[in-house]
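So you know, we letter chains A, B, ... as the sequences are listed, proteins then strands, and number each from 1.
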Amino acid sequence: MIAFIIRRLVQAALVMLAVAFIAFAMFNFVGDPVAIMAGQDLPAEQRIELRKSLGLDDPTPVRFARFVGNAVQGKFGLSYRTAEPVGKMIVERLPATLELSVMAMIVALAVGIPMGVFSGLYPQHWLSRAMMTVSLIGISLPTFLIGILLILIFAVMLGWLPSFGRGDVIRIGGWSTGLLSVSGWKAIILPAITLGLFQMTLIMRLVRSEMLEVLRTDYIKFARARGLSNRAVHFGHALKNTLVPVITITGLQLGSIIAFAIITETVFSWPGVGLLFLQSVQAVDIPVMAAYLVAIGLLFVLINLIVDILYFVVDPRLRSQSAKAGAK
Amino acid sequence: MSSPKLLEVRNLRVEFPTRRGTLVAVDDVSLDISAGEVLGVVGESGAGKSMTGAAIIGLLEPPGRIAAGEIRLEGRRIDNLPYHEMRKIRGRQIGAIFQDPLTSLNPLYRVGDQLVETIQTHLPLNQAQARARAVKLLEDVGIPSASERINAYPHQFSGGMRQRVVIALALAAEPKLIIADEPTTALDVSIQAQIIQLLKRLCREHGTAVMLVTHDMGVIAETADRVAVMYAGRIAEIGPVQDVIKRPHHPYTVGLMGAIPAMGHKVERLTQIDGSMPRLNAIPKGCAFNPRCPKAFDKCFRDRPEPMPAGTSQAACWLVQEPAHV
Ligand SMILES: Nc1ncnc2c1ncn2[C@@H]1O[C@H](COP(=O)(O)OP(=O)(O)OP(=O)(O)O)[C@@H](O)[C@H]1O
Ligand code: SF4
Ligand SMILES: [Mg+2]
């Protein structure tokens with residue numbers, strides 16, 4: 001187990017190095033930072049001065065090493081657009097995105113798993129058929145359209161929920177949370193549903209097909225033959241065996257939720273890193289874009305690591321396999 | 001009926017409605033099992049052995065269904081019980097052992113937890129008592145250092161050991177009858193005999209009756225008290241095991257007994273007789289065996305023979321009534 005985690009950590013570090021290199025390459029190949037920072041009318045000598053002071057004339061490996069060294073400390077330089085430290089901008093915005101993404105995932109799991117279990121247990125039931133049809137729509141509608149529809153119904157027509165922003169935010173240490181105020185909860189409902197809808201249909205369909213599969217297995221037949229109650233058979237033996245793929249998908253999808261939050265954040269003017277990224281793209285604000293890339297990459301890697309460890313918790317067969325592999 | 005049999009199956013018919021008409025997998029099958037008795041069931045693949053067992057334990061997979069007949073356990077009808085009533089009988093009154101021990105156990109549950117949950121489903125024991133019983137059961141089926149192995153997962157056992165665990169699970173609530181559907185077919189030949197011996201010994205000790213489905217006539221000869229020979233969803237012959245083996249009445253049984261392999265030898269198919277069993281949608285009129293029967297005569301193609309007394313056995317063959325044709 002420990003050996004496995006160490007192996008995964010090394011892999012994660014390599015992945016992060018690759019991501020960092022891409023971010024670093026953006027600095028070198030997309031635009032000239034001096035031109036962007038200083039504008040067109042700076043005299044040539046001062047330009048060279050600036051280049052030197054920014055260390056842009058050093059050899060590439062040195063600059064990359066410096067970039068990584070700074071990145072590890074969370075230093076990505078100053079934003080071209082606002083002249084604020086980029087690390088600080090990202091860190092300030094990250095809680096909004098993370099709260100939205102986790103909330104979207106919770107919505108997707110809390111609704112998707114029960115629906116999948118039900119439609120797996122009773123595939124012929126009219127409700128199951130209805131859910132399958134509706135889920136097709138959920139999969140095929142683009143996110144921004146769903147967001148706009150929800151705004152139209154619940155914000156404009158009914159006036160129940162706000163259509164933009166995070167509501168009242170309370171700061172706890174370095175973390176700003178919207179989940180401690182009523183207006184914050186109201187504000188997160190629509191964007192969380194918008195962002196989670198696709199994953200919800202995905203999880204529902206996954207749980208349903210896994211459930212159908214598992215219910216055909218011999219150990220379910222044998223569990224019934226032992227006289228176990230339906231509840232024990234369905235929610236103990238069957239559901240537990242569908243969890244492994246659900247964990248995989250949840251982990252992988254949490255990463256893409258965070259990445260795809262860009263669209264939802266734009267539709268709902270949600271002050272997260274996605275919105276920040278979009279504004280930075282428009283302003284060719286390379287440091288922010290690079291930092292965003294690294295931050296999202298880091299989240300992806302961390303989530304995958306957690307998913308791998310969860311496998312071990314759920315599936316005993318993996319534990320002994322790695323024990324065997326470790327003994328060799 | 002002063003002393004009802006443990007299990008009585010009367011005129012059981014199992015059907016599968018399909019798009020191209022109804023398939024009859026079990027056709028008018030009647031058999032009894034007394035308390036503590038071992039009834040062997042043999043027959044070619046597709047003869048309806050497993051379907052008969054599944055019908056008795058109430059686990060026919062839809063669209064399969066019992067279309068006619070009765071199943072009684074100690075005189076009480078059980079084929080028409082609602083699901084939750086039948087559930088209490090499964091495991092408690094009638095246990096089951098399936099073919100493949102590798103897939104019968106849930107891979108994500110410790111064997112001890114699977115035992116404890118089965119015990120607590122049926123018996124009023126607390127966690128500690130149920131665990132103690134689970135350890136005892138594992139010891140009974142010959143698992144070494146049972147009190148430690150109880151915490152192991154199924155994949156940590158070999159195939160033979162897993163089938164021992166399955167037997168422990170089937171016996172967990174002391175059922176009166178166990179339906180063992182080819183309990184050793186999936187196992188290595190070298191351990192098949194051990195498992196059969198274990199099953200036989202435990203059931204004798206606990207007074208448990210067994211319906212033992214197998215392809216292995218050697219196992220039947222050494223283990224069963226009585227034997228039922230099935231063919232195309234019907235019972236061809238049923239009777240005391242020595243009589244059926246030594247003095248078979250049905251021509252199909254005669255063919256089967258032509259070569260009884262020694263116990264422990266794996267026999268894939270019982271095809272000492274030319275030809276093969278008809279498909280369910282092409283069972284001939286009259287006696288289902290008539291295309292392959294060396295003794296068939298005109299009546300066999302016209303009328304269907306019901307099982308009729310033949311010595312100490314019963315055989316579904318017109319020769320019993322009209323020995324002139326033998
Ligand atoms: N879902 C189904 N639909 C239609 N026919 C089925 C279905 N399941 C089983 N059957 C048929 O029922 C018949 C009896 O099958 P059964 O499993 O009882 O045979 P068996 O005697 O146990 O054979 P084996 O020795 O191969 O286990 C077979 O001919 C099979 O084709
Ligand atoms: S009834 Fe006729 S065809 Fe059938 S087994 Fe007897 S002799 Fe053969
Ligand atoms: Mg079978």
[atom1] of [X] to [atom2] of [Y]: how many Å apart, nearest 0.5 Å?
| X | Y | atom1 | atom2 | result |
| --- | --- | --- | --- | --- |
| E61(B) | K221(A) | CD | NZ | 6.0 Å |
| L108(B) | L243(A) | CG | CG | 8.5 Å |
| D218(A) | L102(B) | CG | CG | 10.0 Å |

Under 4.5 Å, counting heavy-atom pairs only, tell me which of [options] racks up the most with chain A.
| options | result |
| --- | --- |
| P154(B), A170(B), P175(B), G91(B) | G91(B) |
| K88(B), H84(B), Q99(B), R87(B) | R87(B) |
| I89(B), I179(B), L105(B) | L105(B) |

At a heavy-atom distance under 4.5 Å, which candidate from N230(A), V244(A), L228(A) has the highest pair count against chain B?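 Heavy-atom pair counts peak at L228(A).
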Is it the case that more than 12 heavy atoms not belonging to F118(A) sit under 6.0 Å from its CZ atom? yes
Kindly check if the number of other-residue, nucleotide or ligand heavy atoms within 6.0 Å of CD (Q11(A)) is above 12? yes
Would a distance-only check, ignoring hydrogens and angles, find a side-chain to backbone donor-acceptor pair under 3.5 Å from R90(B) to R224(A)? yes
With a 4.0 Å cut-off, would you call R226(A) and E117(B) a salt bridge?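 A salt bridge links R226(A) with E117(B).
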Write down the atom of G227(A), the atom of T121(B), and the distance for their closest heavy-atom approach. O-CG2, 3.4 Å
If every non-hydrogen atom of Y109(B) is compared with every non-hydrogen atom of H237(A), which pair is closest and at what distance?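 Shortest heavy-atom contact: OH-N, 3.5 Å.
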Does any heavy atom of chain A fall under 4.5 Å from the side chain of R92(B), the backbone, both, or neither of them?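 Neither part; nothing is under 4.5 Å.
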Output, in order, the C-alpha distance, side-chain angles, deciding distance and verdict of side chain to side chain contact (heavy atoms under 4.5 Å, CB included) for T103(B) and T217(A). CA-CA 8 Å; T103(B) 56; T217(A) 59; over 6 Å; no
Hey, what's the ring geometry for F98(B) with F222(A), parallel, tilted or perpendicular (30° and 60° as the breaks)? perpendicular
